[in-house]
Amino acid sequence: MEYSEVKEQIKQKLPVQKEFGDSENLLELGLSSIVIMRLVNQWRKQGVKVAFGTLMEHPTLKEWWKIIQKGTKKKGKKAKAEKRDIIMERDMRKPFPLTDVQYAYWVGREDNQVLGGIGCHAYLEFDGYGVVPERLQEAWSRIQYHHPMLRASFSENGMQKIESKPYSEKIKINDFSLLTETEAEQEAQAVRRRLSHRKLKIEEGEVAGLELTLLPGNKTRLHIDLDLLIADVQSLQILLRDLAMVYSGVELPEESKDWNFAAYLEQQNVEDREERKKAKEYWSARLKNLPQGPDMPLAKRPEEVKNPVFHRRVVRIGKEEWDCLQRRAKEYQTTPAMLLLTAYSAILERWSKNKSFLINIPFFNRKTEYKGLEDVIADFTTLLLLEINCEGNPTFLELLDRIQKQLHEDMKYTTYSGVQVQRDLTQMYGDISAIAPIVFACNLGTELVNSTFTENFGSFSYMISQTPQVWNDFQSYEDENGVQLTWDTIDELFPEDMIDDMLTSFEQLLHNLRKEDWNQRFDVLPERQKNFVRKECTIPAASEQKVLFQEFFENVERSPERIAIIDTGKELEISYSRLKEMAQRVAAGIIKRNIKEESIAITIPRGYEQIVAVLAVLISGNVYVPVSCEQPSERRKLIHEKTDIHYVITTAEKEKQIEWPENVEIWCVEKLLENELLENYPKIYPEDSAYIIMTSGSTGQPKGVEMSHANAWNTIEYINRKYCVDQTDAILAVSALDFDLSVYDQFGLLSAGGKIILIPESESKNPDYWLKMIFEYHITRWNSVPILGEMLFECWKAQKKEKIPFRTAFYSGDWTLLYMVDMFYEAVEDGTLIVLGGTTETGIWSNEQIVKLPLPENWKTIPYGRPLENQAYRVVDDFGRDCPFWVEGELWIGGEGVGKGYRGDEVLTKQKYIMDCFGRWYRTGDNGCFWNDGTIEYRGRRDFQVKVKGHRIELGEIEAILNKIAGVKKSIVCAVEHNNRKNMLVAVVVKESPNINEEFLMQNLKSKLPVYMLPTK
């Protein structure tokens, strides 16, 4: 090959033939990837082997000439054009093996395959006028005899052969011409439903079908379907072209008649042996570091979809805009295909938890050096599993560059197909039936339907395709009006409206790429969801902020003798006026010492003294810090140091029993109660700090959460107003003082004028005692973690008592499991269960979900519901972007409940409490998502996920399925170490039925979970 010859060949392939310089970028000149692939095949025919990926990496004539010279040397100085007109003989009528891709499609037809039981199938419709049935019949028969693969059959042992006759020489005519237009269209739709997803009888040679529907007014509709075991996209173009040619009376190309696909495959297998060996080594080296497909939200597990049905969505880009996008691709030295792939990847990334994932890319590996091959109907598809790396939130241009480099490198090693790579990954990780279920099929460069076909049969009006084990299949088709971009999706897999939102964002991104700089990060969140975020983040200020004890004081004035506290351990009743007096006496003792805005520890056992001390600290203008009597001395010391505690209120008994840290002044509540009342007490403001509650930290160091009066009051006021808490109510205070549920127990009821029933420390874990107190004092409000409610209702069930008089029960602090809802409504007559959520850092609670029976079928767990008044939630990803609906991210809480921070830890406060354009937010460290209707779903702590054999697994998901099995009371699943790795799942089940055994449980799980999520024991 001469330099001038190569330059002329390239020039012939340019969209507009013109002279160009040695160093000009050929992509900018309009050379597409498909054209470059054809040049590769053309040069192979001339005896020079060059890799497509290498040419794409260096798209200039100067570099190509170096690559060609290098390829020529490898072949020998006297490289001659390879003889490709006649390939080796092979009897097509005898069985021959399937290609890797054919085999994958064939296996996917089996009913026992996940998202299988279907053929890889394409269905098309064309609306025309005056099609003559007899001519169409003759044309169809002739092309079936011309193209051997239209007569192929596939055996049960995975082989193919060419039959002497097609499955049927005749076409079916549907005559609806005498019906009304509406009736005829209804019948035509029925034809579509019958054909569009059908599983052709390939064992009998039924691999393609053609039907003609006659409509009123001489209108016609052509229905074509075929199994893609026998055709790639170019084959589909050839089929339509040849059908129109024969119908028009034009002869078919002689070179493609009886073309021997069997011989071609056999010859390729021999010729590619050395190249395939190198390719296998390349993929084997990459195997351990390859990611999986995009981790997108699912409405169902693939295993649960028993009858996959695909739905097509279309984005149409007009000619003017498409021409502009192609020009912009040239400016950025890339191809239109790379532009579309990068845009597709950007959308997938935003809807995916994993930021590095695989996209399955089919490409059509026709070795065009063979004479007639460009006109052959057969499946020349091979697959490439392309790694898309979106880590670090790259700009669009950076992402394009990453994808382009990876693709160019991988394209050098495609002789070892993506199907083989998937098999290797399956051997490594176990059963991964859909490791790359997201497909990008680029069919740019050739129009699907030519003008001859349109003139004879009408316009292309409908198409749908389906592929076994594929979730979403992107396809692109150019025509004279621009480009049609289609997504074929199994809608049943995905949450409501999610795919529509993704496609809308994809289209908008393309519009933006037409006119904006590509070296930026495009926000692809759909506009309606941006509006949702803006609305959620617009948080009104509380109408009136109060200090925590303000309404308690007002209730003292209104009803001084009403009972405020009943201390069941000491058998003592305390009125509102008496409680205020006691609190003010203790406060006087603090005020006399000139102590203000200090952290004061309350280390008192359960009883009325706790509440007196809490009120006293607040009235004195200080901050209370509950520190349990049972705290170990080292931890007590740590808490005192972290929250700068120099004063402790305790009892005379505990003063002697506890080992106190140094430099701490101890006050006995009994002595403080002896103080005289003051005439004036300090003015306290809602923004003043009220309490510090310790929470555990991941480092093992406790964190002191500092909250203002206003932070907690916002929640208390809303709950009381929403659920009509008043002076007729009584609550059983089961939560310890150092748990923030106690803040509501105290101030929720005292603000409403109700009663607080206190239990002694000795009965804090005794549900029999709780039940007795509930009936004795007519408890109407319950507030606890779910497990305490479960203990109570189990006790009630065992004692067979009358119904419990709760008006409401507030569950929070942990998962409320579905069976707990049944327990509540079985025991409570007229009450309502409210599941609340939030964090200690955000004012007791921040969200609510009223739970009633029957539970919605789609609930796997109780959702978080909606934010409380004057509070807001966001779901944010690792890059600080708001997540689309259904996509899991970190829950952020904003609004009136967001606390001051961590006392004594400015670094952690800055990490967890952040400011942005919407205001101040607390980063919870919890996972969650928004549903389409704005409901918040809690997904557990970010660190509760485990990874087993490369799979990210939420243990609560397995537990939820176990808990739904009849006879299972509850379950716990954990990952245990095995061979120094956390790679074994173990489930512990509490059973209610003697019939439950491990085999029974595993059978149930196998029907709902993939293999990698099944517990080992």
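Keep in mind the model is a prediction, meaning the values are calculated, not measured.
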Point to revise | From Asn481 atom CG to Lys319 atom NZ, the distance as rounded to the nearest 0.5 Å | key: 9.0 Å

Review point. Using a distance-only test with no angle check, is there a side-chain donor-acceptor pair under 3.5 angstrom linking Asn472 and Thr489?
Key: yes

Practice item. May I ask you to check whether over 12 heavy atoms, not counting those of Gln189, lie within 6.0 Å of atom CD? Key: yes

Practice item. Take the angle between the ring planes of Tyr344 and Trp487 and call it parallel below 30°, perpendicular above 60°, tilted in between. Key: perpendicular

Practice item. Please name the pair of heavy atoms, one in Leu200 and one in Ala208, separated by the smallest distance, quoted to 0.1 Å. Key: CD1-N, 4.0 Å

Review point. Strictly under 6.0 Å, is that where the ring centroids of Phe261 and Phe380 end up?
Key: yes

Practice item. On the 0 to 90° scale, with breaks at 30° and 60°, tag the Phe457-Tyr247 ring pair as parallel, tilted or perpendicular. Key: tilted

Review point. Can you check whether Tyr462 and Phe126 have ring centres sitting under 6.0 Å from each other?
Key: no

Check your understanding: For Gln475 and Asp488, does a side-chain donor sit closer than 3.5 Å to a side-chain acceptor?
Key -> yes

Check your understanding: Do Asp242 and His146 get their side chains close enough for a donor-acceptor pair, meaning under 3.5 Å?
Key -> no

Revision key, fill the gap. Hits for salt bridge (Lys or Arg N to Asp or Glu O under 4.0 Å) against Glu374, two or more places apart or cross-chain, chain-then-number order -> Arg38

Exercise for review: Mark yes when over 12 heavy atoms from residues, nucleotides or ligands other than Lys199 sit less than 6.0 Å from its NZ; otherwise mark no.
Suggested key: yes

Review point. Would you say the side-chain atoms of Gln144 and Glu169 include a donor-acceptor pair closer than 3.5 Å?
Key: no

Review point. Taking everything shown except Lys280 itself, do over 12 heavy atoms lie less than 6.0 Å from its NZ?
Key: no

Practice item. Taking all heavy atoms of Gly482 and all of Arg316, pick out the closest pair and write down the distance. Key: C-NH1, 3.9 Å

Exercise for review: Looking only at non-hydrogen atoms, find the nearest pair between Met92 and Phe96 and report the distance.
Suggested key: O-CE2, 3.9 Å

Point to revise | Given Arg221, Lys172, Arg194, the one that forms salt bridge (charged side-chain N to carboxylate O under 4.0 Å, His left out) with Glu211 | key: Arg194

**Study point:** CG-CH2 distance between Asp424 and Trp283, expressed to the nearest 0.5 angstrom
**Key:** 11.0 Å

Check your understanding: side chain to side chain donor-acceptor pair (under 3.5 Å): which pairs involve residues 50-59, sequence neighbours left out?
Key -> Glu57-Lys412

Review point. Are Lys201 and Phe154 in a cation-pi contact, defined as NZ or CZ under 6.0 Å from the six-membered ring centre and within 45° of the axis?
Key: no

Review point. Taking atom types as modelled, is there a side-chain donor on Lys278 or Tyr413 under 3.5 Å from an acceptor on the other?
Key: no

Point to revise | Pairs meeting criterion side chain to side chain donor-acceptor pair (under 3.5 Å) with involvement of residues 448-459, two or more places apart | key: Ser248-Asn456

